[in-house]
There are 2 protein chains.
Amino acid sequence: MMTSSNAPYRGIFPVAPTIFDERGAIDMPCQLRCIDFMIDCGIDGLCILANFSEQFVLSDEERALLTRAILEHVAGRVPVIVTTTHCSSRLCAERSRAAQAMGAAMVMVMPPYHGATIRLSEAAIFDFFRAVSDAIDIPVMVQDAPVSGTLLSVELLARMAREIEQVRYFKIEVPQAAAKLRRLIATGGEAIEGPWDGEEAITLLADLEAGATGSVTGGAYADLVGPILRAWQAGDRAAAVAGYERCLPLINYENRQCGLLAAKSLMQEGGIIACETPRHPLVPLDPATRLGLIETARRLDPLVLRWGR
Amino acid sequence: MMTSSNAPYRGIFPVAPTIFDERGAIDMPCQLRCIDFMIDCGIDGLCILANFSEQFVLSDEERALLTRAILEHVAGRVPVIVTTTHCSSRLCAERSRAAQAMGAAMVMVMPPYHGATIRLSEAAIFDFFRAVSDAIDIPVMVQDAPVSGTLLSVELLARMAREIEQVRYFKIEVPQAAAKLRRLIATGGEAIEGPWDGEEAITLLADLEAGATGSVTGGAYADLVGPILRAWQAGDRAAAVAGYERCLPLINYENRQCGLLAAKSLMQEGGIIACETPRHPLVPLDPATRLGLIETARRLDPLVLRWGR
């Protein structure tokens, strides 16, 4: 089990997609093979049950099953962030406690929301994160993403960092993330243990310039994106800029044309998993879009297209 | 178990709130007492696990527990609609099959969605409802509500009614519901077995005029709203209009000031349940708002303020 002695966490923590078979059942052998591939990419950690893991089409039981199986399989090779988002404070706290017990290094949590219309006040959001923090002894990463439909002010985030023990990491993936990260670091100071970004690294370079120390990216090509973060951390800005600009066509293609489908299409194309089909009602990539993805990736010779062959 | 031989269903099917204790655990004795009270209001049926039941803060296990306990307790006294909404086609179908096995008369299902941003195409929505229908032998009510963030065109709804066996009921609770109901009936014809409305009956009279045959209302005062539907169905339009206009101040107060909190506040005030507190992060009614609710209700002398005393 990873403990907070490993903190502060930094670097690249890609999202593991959830792997289904053609009938929409979880394909656990391919799921674990996908995890092994990701670790071989040289990641600093990984993140499971995120939106890019199709968490919103999973049952509670499947979430628990995946958490246990993946954490057992990883067996401490890298720290694992488990997404435990739920609209209920009580259930999010229970999920987070269970994830910690199974060996999670951190939990990632969106503010409470439901659908297009159900949103909570800042006071309720604060109390929600306090309830989650009170249930665990590992860090919480607040996920600030458009899917929650909730504006999280820098002031609220900084206050949560100062006043709620485990709220220490922040995955900022809203428009103009770099500016928000910069203001968050300025406002929250040392309480902001991990100012991170997300969204497939589409804003990574600007976010690093703003002070980001970690990134939750797509799951398929951390062998390409990881060196950007490592170059930056080593002080080699020129190498980071060059690496980012080299990868940007693929990052952009994933971010704008494919979303959560990109990682699994690349993994199936590379023979890592048997089935890239998302769980219905999500639908597979349009064939022409998929061709464009593979072609764009192939120009960069990523491990994903070689590892399983 | 109610079967489709009871169809077509019509009349008032209020939403049963989910009853928690002060710590946020389900209070089953009060839950079942709430159900008994609702049946004593003279309802035609009831609806559980809806948004007004705080379905979005329940675990899968709690949903199953509530479905089983309430259906066993109702024991066929009235038909029960079970909300089985889930973003996954597979899981929504499984939930619906389980609800049918426990004795549900009908399932209510929103189109698939997640959060503020994840929406599906009309083709995916059609296939989603077909997957649900294929799993069961009881009717599906399509819930057309703003929380799903999904525009369901009249053409899509009518096509689903014609082409998907169990898709037969429609709870229209979007702005200008009456006009949509009228167009739905005109377009779908006999395939629209149940053109219903919802939203606390705030648009009930206009919807009845448009052809609505049923209404999913708040849970606290069906003794007041039920007679409106019965007068209408008996052809006594004057009595329906008078009843609606008499109840409208309370309906309006629930709809605009309280939302899902109204039913439980009235039930606690009337001694039917021990605790009106919603599950966190939802917060109780503002005290002044609650006073206004009780005062507005008291002028109409509803059963909810007398039944438990």
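Below, chain A is the first sequence line, B the second, and so on; all start at residue 1.
More than 12 heavy atoms of other residues, nucleotides or ligands shown are found within 6.0 angstrom of CD on Glu155(A). With a 6.0 Å radius and a threshold of 12 heavy atoms from other residues, nucleotides or ligands, Arg23(A) has its CZ atom at or below the threshold. Few gaps surround CD on Glu163(B); more than 12 heavy atoms of other groups in view lie less than 6.0 Å from it. Under a cut-off of 6.0 angstrom, the local environment of CZ in Arg68(B) is sparse, with at most 12 non-hydrogen atoms contributed by other residues, nucleotides or ligands.
The candidate with the highest count of non-hydrogen atom pairs below 4.5 Å against chain A, out of Ala123(B), Gly115(B), Pro146(B), is Gly115(B). Between chain B and the residues Asn51(A), Thr117(A), Asp60(A), the largest count of heavy-atom pairs under 4.5 Å involves Asp60(A). Chain B forms more heavy-atom pairs under 4.5 Å with one residue of Glu54(A), Arg119(A), His86(A) than with any other, namely His86(A). Each of Pro281(A), Gly149(A), Ala116(A) has some count of heavy-atom pairs under 4.5 Å with chain B, and the biggest count is that of Pro281(A).
At least one side-chain heavy atom of Leu120(A) sits less than 4.5 Å from a side-chain heavy atom of Leu282(B). The closest side-chain heavy-atom distance from His114(B) to Val57(A) is not below 4.5 Å.
Rounded to the nearest 0.5 angstrom, Glu94(A) CD and Ser59(B) OG are separated by 7.5 Å.
If you measure heavy-atom distances from Glu62(B) to chain A, the contacts under 4.5 Å come from the side chain alone. Arg95(B) does not touch chain A: none of its heavy atoms, backbone or side chain, sits under 4.5 Å away. For Tyr113(B), the part sitting under 4.5 Å from any heavy atom of chain A is the side chain, from C-beta outward, and nothing else. Only the side chain of Pro112(A) comes within less than 4.5 Å of a heavy atom in chain B; its backbone stays farther off. Residue Ala145(A): no heavy atom, backbone or side chain, is found under 4.5 Å from chain B.
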Report the C-alpha distance between His280(A) and Arg90(B) in whole Å, list the side-chain angles of each, state the deciding distance to 0.1 Å, and finish with yes or no for side-chain contact (heavy atoms from CB on, under 4.5 Å). CA-CA 7 Å; His280(A) 200 271; Arg90(B) 178 190 180 94; over 6 Å; no
